[in-house]
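This structure is a prediction, so every number in the text was calculated from the model and none was measured. Because only heavy atoms are used, hydrogens play no part in the values below, and waters and symmetry mates are left out as well, while side chains stay in. Below, chain A is the first sequence line, B the second, and so on; all start at residue 1.
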Protein chains: 2
Amino acid sequence: MSDNRTGTAGGRAATLSDVAKIAGVSLATASKAINGRGEVAAATRQRVLEAAKKISFTPNELARSLINGRTGTVGLLTSDLEGRFVIPILMGAEDAFGAGQVNVFLCDARGDAIREQHHLNALLTRRVDGIIVVGRSTDPRPSLGHNIPVPVVYAYAPSEDPTDVSITPDNRAGGRLAVEHLVACGRSKIAMITGEAVYAAAQDRADGVMDALGDAGLELVGRPMFSEWSEHWGRDASAMLFRQFPDIDGVVAGSDQIARGVLDTMRDLGREVPHDVAVVSFDNWEILATNSRPELTSIDANLQQLGRMAATRIFDAIDGTAVAPGVEHLPGRLVIRGSTIARR
Amino acid sequence: MSDNRTGTAGGRAATLSDVAKIAGVSLATASKAINGRGEVAAATRQRVLEAAKKISFTPNELARSLINGRTGTVGLLTSDLEGRFVIPILMGAEDAFGAGQVNVFLCDARGDAIREQHHLNALLTRRVDGIIVVGRSTDPRPSLGHNIPVPVVYAYAPSEDPTDVSITPDNRAGGRLAVEHLVACGRSKIAMITGEAVYAAAQDRADGVMDALGDAGLELVGRPMFSEWSEHWGRDASAMLFRQFPDIDGVVAGSDQIARGVLDTMRDLGREVPHDVAVVSFDNWEILATNSRPELTSIDANLQQLGRMAATRIFDAIDGTAVAPGVEHLPGRLVIRGSTIARR
DNA sequence: CTGTTAGCGCATTCAA
DNA sequence: TTGAATGCGCTAACAG
């Protein structure tokens, strides 16, 4: 019984030559039998497979990789401490790769360039087939450079270098989407409360909002209000805003957190959502969006799809398929809930 | 210029024999020079290092691993979709391993046993040095068995098999901690609202609460209220509870989400927190805990430390140090904020 | 159909 | 101090 309770490795792992010996065949035949390659007599194959099972043989992927030059591994290099973006992206990538086909090294650089370089070296040393770099905002980040011998794709945060391959959410389109939905809900006095102006996400969403308002022949009520990405700011900003412009009937919030703050203030002010005021936000972070009163209509960045696309780009590059450099913008999708349309 | 804009691998990666050739030494000498092993003349070493830098040689870790039997990689096998638990644990593990020393394969089984098995096989095939299994609740989970040739540690969700090595939060102690704090805050009419009774976390926390109340000579007001782990339930349950027992002055909430719901209802009922009612919760999920009015006093499960400990256990087992089997309970820590003690 | 041979990139004897 | 030879576990030519 090969039971090792402590979990410590007991003895050598079985090798292919062990299998071959037991099955009474040569190494090469055993290899072919196990991999279904070459012409092997059915009976022989059977013997080999049984022998393999008997000693619970697991092929050593390291040796295989050494030969064919591919490891079937990909590095995910991130600085997204909270894992809010990286996890959906990771899941998307796993989907695209196929479970168990490709494995992902997850490295957290914690926003530290030195640590990032360490991790990058470690990944290259382990001969990953490709690298996905996931930032924690949609602001462009420094490129890893072009001296990397494997394909690199930047996800969420695009690279500053336009000759790199980047995929990032289309926040501008998202801003449009938000306004178009509010307008479709019959709103015309629309205000915007969002995060810090230094973030590209805040700017882009605001730009999209202005575009769509213009197209609808409307004007924003007041000016876009930029500050913290927090519930506190959502509460404070909406209080100020409604004091100044009591007839606002629609709010675009830069994040679900801000929207939660807005809802709080609406409750305090006795404004009913969505009847008096409709609220749309960004991120569709379920934990926030589906637990509020009412639940939040929010724009989902499709991060999982973003992960899938990044993985696909990596594959294409590995296979030699040309991958167009530049920044690709992935549109979000509107998830409608009670903050814009009341349940019947 | 070794610039490859498309990111596709250009040509072969440099090998040690390339370096040796350029430096005009043998393979063996080059190896020794690069690894600082054996006696190599200073001048020779210099030449080798320069040659290596010149062609940006990166040692192939696969080949090394093949030789010394260790890959310097660890698998993190999880079913924690949202990444709420797994990320801190991953970070702790990375800390313990040392950045760049050990790399972590993150695999998400999505609660599917088949997929888990696939991933497990893939990890073993890649010859990880150890495996950390991270569950999504503190309920015991099936063991992976003892036919695994590398050390396995179960984190967060312990293994059902007592001969495995598991580390899990001490929820019972957490429950005690919550009550002791409320009592220290001068509360004596304490109620509990928590998640689904089928969860060990709900039960254990409730047990700890009862223990501590008993020790303090107090009784719980009403019975522990078990249902969803949601804000909705927090709101509804506290409304019911306060209607029945208007003199409650302290609430233990089973999660930050539930606590948020409680705060909402307190506001609706015109009860001031923490003056009239103090609220303690579990998880210390910052996004929820630090954005409420007031901020939440919450019990942090010390997940990062849990990750570090899991990694340490793996190391010990690899090194042959005996690791005591069984379930280790890691105490949480109380993070005090405005929901129990008002800011001055 | 099966077995022999030659590496993949590297670390490590052991001679020289 | 250096180098030639051996092998880690496996696959891919080839030859039998």
Report yes if a side-chain nitrogen or oxygen of [X] is closer than 4.0 Å to either non-bridging phosphate oxygen (OP1 or OP2) of [N]; otherwise report no.
| X | N | answer |
| --- | --- | --- |
| A:Ser31 | D:dT11 | yes |
| A:Asn35 | D:dT11 | yes |
| A:Ser26 | C:dG3 | yes |
| A:Thr15 | D:dG9 | no |
| A:Arg37 | D:dT11 | no |
| B:Arg64 | C:dC10 | no |

Atom [atom1] of [X] and atom [atom2] of [N]: how far apart are they, to the nearest Å?
| X | N | atom1 | atom2 | value |
| --- | --- | --- | --- | --- |
| A:Ile34 | C:dT2 | CD1 | C1' | 16 Å |
| A:Lys32 | D:dC14 | NZ | P | 13 Å |
| A:Arg47 | C:dC1 | CZ | P | 14 Å |
| B:Asn68 | D:dG9 | CG | P | 11 Å |
| B:Leu27 | D:dT6 | CG | C1' | 12 Å |
| B:Asn60 | C:dG7 | CG | P | 18 Å |
| A:Arg126 | C:dG9 | CZ | P | 18 Å |

Donor-acceptor pair, distance only, cut-off 3.5 Å: does the side chain of A:Thr29 make one with the backbone of A:Val25?
no

Do we see a donor-acceptor contact under 3.5 Å between the side chains of A:Asp161 and A:His146?
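Note: A:Asp161 and A:His146 side chains meet the donor-acceptor criterion.
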
Donor-acceptor pair between A:Asp80 and A:Thr78 side chains, under 3.5 angstrom
no

Using the side-chain heavy atoms of B:Ile67, tell me which of these nucleotides is nearest: D:dC8, D:dA4, C:dC1.
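From the listed options, D:dC8 comes nearest.
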
Choosing from D:dT2, C:dC10, D:dA13, which nucleotide comes nearest the side chain of B:Val40?
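Closest nucleotide among those given: D:dT2.
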
Reading DNA chain D from 5' onward, which residue's closest nucleotide shows up sooner: B:Thr44 or B:Leu66?
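By nearest-heavy-atom nucleotide position, the 5'-most residue is B:Thr44.
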
Assign each of B:Glu39 and B:Ala63 the nucleotide of DNA chain D bearing its closest heavy atom; nearer the 5' end lies the nucleotide of B:Glu39

Aromatic rings B:Tyr156 and B:Phe85: how do their planes relate, parallel, tilted or perpendicular, breaks at 30° and 60°?
parallel

So B:Leu62, base contact, sugar-phosphate only, or nothing? Heavy-atom distance under 4.0 Å.
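No contact.
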
Test side chain to side chain contact (heavy atoms under 4.5 Å, CB included) on A:Leu16 and A:Ile34; report intermediate values, then the result.
CA-CA 9 Å; A:Leu16 188 57; A:Ile34 289 203; 4.0 Å; yes

Nearest-nucleotide wise, let me know which of A:Ala41 and B:Leu16 is further upstream toward the 5' end of DNA chain C.
A:Ala41

